[in-house]
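Structure record follows, encoded as structure tokens.
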Amino acid sequence: MEEYTTKQGTENLDDPPNSRLFAVTSRSITEDELRESFSSFGDIQGVWVVKDKQTKESKGISYVKFAKSSQACLAMEEMHGKVLVEGTKPIKVFIAQSRSSTRHRDVEDEELTRIFVMIPKTFSEEDLKNTFKEYGDIEYCVIIKNKSTGESKGLGYVRYYKPSQAALAIENCDKITVVVDVYVMMLLSSLAYRAILAEPRTKAAATEEYSRGSAGGEYMGAADSMNQYAFPMADPGNYPVMDYRSGDITRCLMISTRAALTQEQIFALFDIIPGMEYCELQRDAYGMSKGHALIRYSNLGSAVYAKEKLNGFEYPPGNRLAVNFVDDGEDRSSPVGRMAMQFVAAQMMTAVWNGPSTSQVMKPPGFSSVSQMPRIQTDVNLPPLKKLALPDSKAKERLFVVFSPSPLPPDVLEDVFCRFGSLIEVHLVPGRKVGYMKYADKQTRPWQCAPRSGRQRSKDEGDAGRSSQRGISQASSYLLRRTARKMTVHAFVT
DNA sequence: CGACGGGACGC
DNA sequence: CGACGGGACGC
């Protein structure tokens, strides 16, 4: 009861901006009814029906305060024109004018759907669209360019169709999101931006913008769609008959053979594919081979590759090996884990399918030598490893990082974050889920790695500053023994 | 048409 | 668990 009218100090009413609704309703509508109707759109911080001082009757005006602008906008979009109570007039819903503002003009969608954002100068309008389309449908993107030279000024406008989409963009684009799935050792990352609502243009110019804008919109619409977060799922036609998307992929393989093979022979054969971490010939009570061997790789890609290449392989000649996935007891029930697995499988299969048909095929694509298997496979073109700065260098820039649900091991973080600058050290705050990456140089946008496009992936060589190479195998096995979970990292340049 | 309150414990 | 800013459209 009391929480309905919990006091919102007047400062709160406009914080964050555009998070409060102004509603025109029938005078019979109560706070309870409003709260009931609007609660599904977000966290309501207060509902207030304006009443006549003397009679206490509603004046048919109400305010609903949400925690976020995107919630308020969504509620507005969905509830405007709705009949709350049978027989009453449809309600009108607008974003409320800020309390300090004296104007009582409705806030128009025009003011709520266009954002203004600073972007890398290298960004094309298509890059801009690809970056911001994850928050909603984009009507058009415009980059401000130097009129004479045509070069970008590093500023852009993005027009969404709905206020809630622009609000979501503003609320979320300032996070560098890094998703690491330890189970398949995959990392996705995106850039961080600071976007604000664009100040409306002058009226005279606004009409002109429409013609320009919609033309741009159509142009963009035809452009290819490469979402940084999208898993490049296979189009089925391009993949071999075996359905690797069913989810039955594991890092473990069972090898069946009719010929008597020694453990050493099987080891030698399957060790050609990098990442083998376990090989055991199964024997009976008398130590005789039962014709089966168990192999485990450190990653799914290697296992998929091994099965693809060695299932049916004659070894020794005349003896066909059977190679199949077996349950490795890992938890892969999470949706993210499954997607990640499908992703890796698709990636590996693509490589197998299109890869070089030469004699050196035993090497999984993308790795120049057996010892070079990176422990983190990425969906972006990570920069190569860089040498660490001297430990006593002074920090020119820090990255503040929030982990969810828990921090990754420091050595893994070092492997990832050293690629974006001269990393001095990884500092995890003990007992907390935050940490700092200290850099000796200034790298205004350390995350400008382009997403890998579905089909041709360039190699993640990492021409290994030898110093960063140490300790990798230990790190891998450490990681793999853990229960795999998606890790989300939000990072902020400090 | 339709624009801004009442009551305030928590260190 | 999230500190600061910078920054504007052929009118």
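Chain identifiers are assigned alphabetically (A, B, ...) following the order of the sequence lines, protein sequences preceding nucleic acid strands; residue numbering begins at 1 within each chain.
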Stacking of A:Tyr63 on B:dC4 base (centres under 5.5 Å, planes under 30°):
yes
Taking the side chain of A:Lys433 as heavy atoms from C-beta outward, which of C:dG7, C:dC1, B:dG2 is closest to it?
C:dC1
Quickly work out the A:Asp174 CG to C:dC4 C1' distance and round it to whole Å.
13 Å
Any side-chain to backbone donor/acceptor pair from A:Glu151 onto A:Asn146? Under 3.5 Å, distance only.
no
Measure from the ring centre of A:Trp48 to the centre of the six-membered ring in the base of B:dG5, then say whether that distance is under 5.5 Å and the planes meet at under 30°.
yes
Using a heavy-atom cut-off of 4.0 Å across all strands, would you classify A:Ala23 as base, sugar-phosphate, or nothing?
nothing
If you measure from CE on A:Met118 to CZ on A:Arg194, what distance do you get to the nearest 0.5 Å?
10.0 Å
What is the nucleic acid contact for A:Lys89, judged by heavy atoms within less than 4.0 Å: base, sugar-phosphate only, or nothing?
sugar-phosphate
Test salt bridge (Lys or Arg N to Asp or Glu O under 4.0 Å) on A:Arg159 and A:Glu110; report intermediate values, then the result.
CA-CA 9 Å; A:Arg159 173 78 76 180; A:Glu110 199 70 7; 3.2 Å; yes
Give the rounded distance in Å between these two atoms: NZ of A:Lys59 and P of B:dG6.
11 Å
A:Lys51 near the nucleic acid: base, sugar-phosphate alone, or nothing, with a heavy-atom cut-off under 4.0 Å?
nothing
Per-pair stack call A:Phe22 and B:dA3, 5.5 Å, 30°:
yes
Starting from C1' on B:dG6, measure out to CG on A:Asp52 and report it in whole angstrom.
15 Å
Of the candidate nucleotides C:dC1, B:dC4, B:dG2, which contains the atom at the shortest distance from the side chain of A:Gln97?
B:dC4
In B:dC4, glycosidic geometry as syn within 90° of 0 or anti otherwise:
anti
Spacing between A:Glu57 atom CD and B:dG5 atom P, to the nearest angstrom:
18 Å
Tell me which pairs pass salt bridge (charged side-chain N to carboxylate O under 4.0 Å, His left out) where either residue lies in residues 38-47 of chain A, with sequence neighbours left out.
none
A:Tyr157, nearest nucleotide to its side chain (from C:dG2, C:dA8, B:dA3)
C:dA8
Taking CZ from A:Phe116 and P from C:dA8, how many angstroms apart are they, rounded to a whole number?
6 Å
Should A:Arg398 be listed as having a side-chain N or O under 4.0 Å from OP1 or OP2 of C:dC4?
no
Rounding to 0.5 Å, atoms CG (A:Leu423) and NZ (A:Lys438) come to a distance of 10.5 Å
Show, in sequence, the C-alpha distance, side-chain angles and deciding distance for A:Leu13 and A:Tyr63, and conclude whether the side chain to side chain contact (heavy atoms under 4.5 Å, CB included) test is met.
CA-CA 10 Å; A:Leu13 296 178; A:Tyr63 294 92; over 6 Å; no
Strictly distance-based, threshold 3.5 Å: is any side-chain N or O of A:Tyr439 a donor or acceptor partner for the main-chain N or O of A:Phe417?
yes
Can you give me the N/O atom pairs linking the protein to nucleotides 9-11 of chain B at distances under 3.5 Å, or say none if there are none?
none

Kindly state which residues belonging to residues 146-155 of chain A come within less than 4.0 angstrom of DNA chain C, counting heavy atoms of the residue only, listed by number.
A:Lys147, A:Leu155
chi for C:dA3 classified (syn = within 90 degrees of 0, anti otherwise) as syn
Can you measure A:Lys53 atom NZ to B:dC4 atom P for me and round it to whole angstrom units?
9 Å
Hydrogens and angles aside, do A:Arg27 and A:Ser58 bring a side-chain donor and acceptor to less than 3.5 Å of each other?
no
What is the glycosidic conformation of B:dC9: syn, defined as within 90° of 0, or anti?
syn
Is any side-chain N or O of A:Asp106 under 3.5 Å from a base N or O of B:dG2, one able to act as donor and the other as acceptor?
yes
Full working for side chain to side chain contact (heavy atoms under 4.5 Å, CB included) between A:Thr131 and A:Tyr193
CA-CA 10 Å; A:Thr131 301; A:Tyr193 303 89; 3.3 Å; yes
How many whole angstroms separate atom OH of A:Tyr436 from atom C1' of C:dA3?
9 Å
Integer-rounded Å distance: C:dC1 P and A:Leu399 CG
17 Å
Which atom names give the shortest non-hydrogen contact between A:Asn12 and A:Lys65, and what distance separates them?
O-CE, 3.0 Å
How many angstroms lie between atom CD1 of A:Ile196 and atom CG of A:Asp174, to the nearest 0.5 angstrom?
13.0 Å
